[in-house]
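Throughout, protein chains are lettered first and strands after them, A, B, ... in sequence-line order, and every chain is numbered starting at 1. It should be emphasised that the depicted structure is a prediction, and the values quoted were computed from it without experimental measurement.
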Amino acid sequence: MPLSEQEIVRREKLHKLRDMGIDPYPAAQYHVTTSTAAIKSHFEEGKKVVIAGRLMSRRIQGKASFAELQDGKGKIQVYFNRDEICTGDDKTLYNEVYKKLLDIGDFIGIEGELFTTNVGEQTIMVKNFVLLSKALKPLPLPKTDADGNTYDEFNDPEMRYRQRYADLVVNPSVKDVFVKRTKLFNAMRSFFNEREYFEVETPILQPIPGGAAAKPFVTHHNSLDIPLYMRIANELYLKRLIVGGFDGVYEFSKNFRNEGMDRTHNPEFTAMEIYVSYKDYNWMMEFTENLLEHCAVAVNGGTKSTFGQHEIEWKAPYPRVTMTDAIKQFTGFDITGKTEAELYDFAKSIDIEVDQSMGKGKLIDEIFGEKCEGNFIQPTFITDYPKEMSPLCKTHRENPELTERFELMVCGKEIANAYSELNDPIDQRERFEAQAALADRGDDEAMFIDQDFLRALEYGMPPTSGLGIGMDRLIMFLTNNPSIQEVLFFPQMRPEKKAGVELNEDEKIVFERLKKHQKADLNHLKEESGLSNKKWDKAVKGLTNKKVAKVSKTDDGLFIELSS
RNA sequence: GACUUGGUAGCUCAGCUGGUAGAGCAUCACACUUUUAAUGUGAGGGUCCUGGGUUCGAACCCCAGCCAAGUCACCA
């Protein structure tokens with residue numbers, strides 16, 4: 001990639017600094033005494049401070065200059081005055097180093113004193129400064145006016161995601177989202193740890209990808225010579241630990257699914273799963289609403305959050321609605337005791353796409369997804385799902401067609417999923433076998449039979465309730481971001497094309513000819529190459545752009561020669 | 001996977017009916033010792049996403065492709 005004008009200028013400055021004996025990348029620790037945030041919250045006129053950060057803007061007015069310094073906590077104005085910095089006759093540090101050789105984006109360390117300017121801005125009067133790291137690429141530089149309007153915002157999503165480091169430097173609100181993300185994780189951890197549930201780690205590389213219905217990423221282990229799968233879920237491993245005697249285990253699990261990407265799906269995403277023994281899904285509902293209330297307060301300072309047009313109230317308790325009642329409420333249709341044919345006809349009558357392969361459970365799920373799901377804006381537990389959709393969930397204690405399962409809906413989307421876990425090993429084996437039958441019919445997302453997991457269940461698993469929460473979706477709701485990419489530091493992107501310095505075919509032809517001659521008359525070489533006007537023109541422009549050849553004009557005509 | 005929109009200077013964007021590539025900020029030079037989207041004067045900076053085609057001539061029109069965003073479909 002050829003360097004831009006501004007990048008070349010910055011490299012020249014780098015050399016000048018070195019020539020002056022200034023190391024643009026010094027090794028030594030820089031001892032700061034404070035931060036921008038601390039200065040602002042405990043502002044004291046005349047206080048001496050040492051601070052470091054990135055130079056973010058400059059307003060040079062001859063012998064004085066205002067600039068902004070940004071550190072991890074925020075920004076503060078700094079005042080560079082020639083005679084404050086250069087107390088002797090040598091004014092080089094201000095005139096040359098500060099004015100000419102520093103750039104926006106450079107890291108500097110500052111020693112100075114606090115004061116307030118005539119217009120009332122809290123500022124650091126610089127007494128001395130050092131360069132800590134030179135930036136060779138100009139930052140995309142938004143400007144903000146007195147009313148807080150931003151101009152020239154760095155807002156192209158593609159560039160922001162590909163260069164998140166630059167995005168984080170120039171867009172403070174981006175950083176806030178990730179601060180909140182970490183607060184959410186910390187809040188959950190402390191909630192669980194207070195209750196003495198145990199944080200664990202389970203395999204990411206799994207010989208059998210279990211615990212969910214999804215396409216896995218496959219890889220290969222060389223010395224074992226076996227395929228391994230990136231986990232699509234960690235559920236079956238956490239249950240093994242319950243078998244092993246832990247009363248409560250949880251894990252923040254990076255999961256991987258080899259499926260489509262869109263605004264709400266990234267190939268790798270984070271789920272939190274927790275399993276607690278001797279509990280059922282009723283207990284888990286209460287636990288979940290208390291957890292989320294706790295998290296909402298920890299992240300946003302209150303139980304309310306805004307998402308698009310909606311204000312979400314996270315305060316517990318949340319309504320419980322059975323799937324049957326939800327469908328009754330939004331379609332007027334009672335699914336209780338209906339046959340598959342009746343469900344099929346009803347679904348068809350309300351314009352839901354159906355086909356003959358769909359069983360009762362799938363039909364009910366379609367009706368719910370199409371007509372009900374989107375209506376639950378405030379956190380609502382939807383309970384008692386049809387059995388065939390939930391092969392790891394215990395059969396409902398009162399209705400054998402249903403399971404003891406709930407999902408938590410917020411803004412029409414699922415953010416949590418929980419069961420009274422199936423712990424009957426024989427029932428579990430039959431459910432897996434039903435899945436295997438689906439796989440034989442071509443369902444590439446049906447679950448594999450995990451014999452080792454069944455063996456674990458045969459040793460006995462206590463009654464247990466488990467909960468999974470989509471952490472990325474939850475933080476989207478808590479930070480008002482409709483796109484998952486905004487809550488992941490580095491969302492998956494198609495790789496950028498390599499900027500090729502290689503020559504194309506036409507350029508190679510010209511290059512080969514030119515190597516024989518070293519220097520040639522432009523028109524002669526053109527004829528020799530046999531290229532059309534347009535192709536010739538492109539090829540020569542390509543070669544000169546890539547600094548392979550250069551064209552010179554003399555009294556004798558136009559010549560082309562290889563660059564040295 | 002389908003459709004829609006977009007890709008032009010470091011950044012944000014204009015670019016008319018096809019006729020020498022534009023602005024603001026940023027950069028460089030000069031001036032300016034409490035400014036704040038600092039200001040004034042001047043200058044430089046381009047693979048107009050890529051490859052073909054039409055044309056005397058393409059950023060612009062046509063074809064193919066790449067990348068992204070959005071909508072839908074699929075999928076938890």
For nucleotides 1-3 of chain B, tabulate all protein N/O to nucleotide N/O atom pairs closer than 3.5 Å, reporting atom names and distance.
none

Under 3.5 Å, is there any donor-acceptor pair linking the side chain of A/E121 to the base of B/U34?
no

Counting only distance, no hydrogens or angles, is the base of B/A69 paired donor-acceptor with the side chain of A/E158 under 3.5 Å?
no

Strictly below 4.0 Å, heavy-atom distances to any atom of RNA chain B: list the hits from residues 367-377 of chain A, or just say none.
A/E373

Could you check, using the six-membered ring where one of them is a Trp, whether A/F330 and A/F376 have ring centers closer than 6.0 angstrom?
yes

Tell me, which pairs form a side-chain hydrogen bond (donor to acceptor under 3.5 Å, both in side chains) where one or both residues lie in residues 366-383 of chain A, sequence neighbours left out?
none

Sequence neighbours excluded, the answer for side-chain hydrogen bond (donor to acceptor under 3.5 Å, both in side chains) partners of A/D106 is A/K134

Could you list the residues that satisfy ring pair (Phe, Tyr, Trp, His ring centres under 6.0 Å) with A/F217, not counting sequence neighbours?
none

Which residue pairs satisfy the salt bridge (charged side-chain N to carboxylate O under 4.0 Å, His left out) criterion with at least one member in residues 260-269 of chain A, sequence neighbours excluded?
A/K254-A/E268

Please tell me which of the listed nucleotides, [options], lies nearest to the side chain of [X]?
{"X": "A/Y161", "options": "B/U34, B/A38, B/A69", "result": "B/A69"}
{"X": "A/F154", "options": "B/U12, B/A38, B/A26", "result": "B/U12"}
{"X": "A/I60", "options": "B/C32, B/C74, B/A37", "result": "B/C32"}

Looking at B/A2, which nucleotide sits across from it as a Watson-Crick or G-U wobble partner, both distances under 3.5 angstrom, or is there none?
B/U71

Partner lookup for B/A31, please. Criteria are Watson-Crick or G-U wobble with both distances under 3.5 angstrom; report none if nothing qualifies.
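Base-paired to B/U39.
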
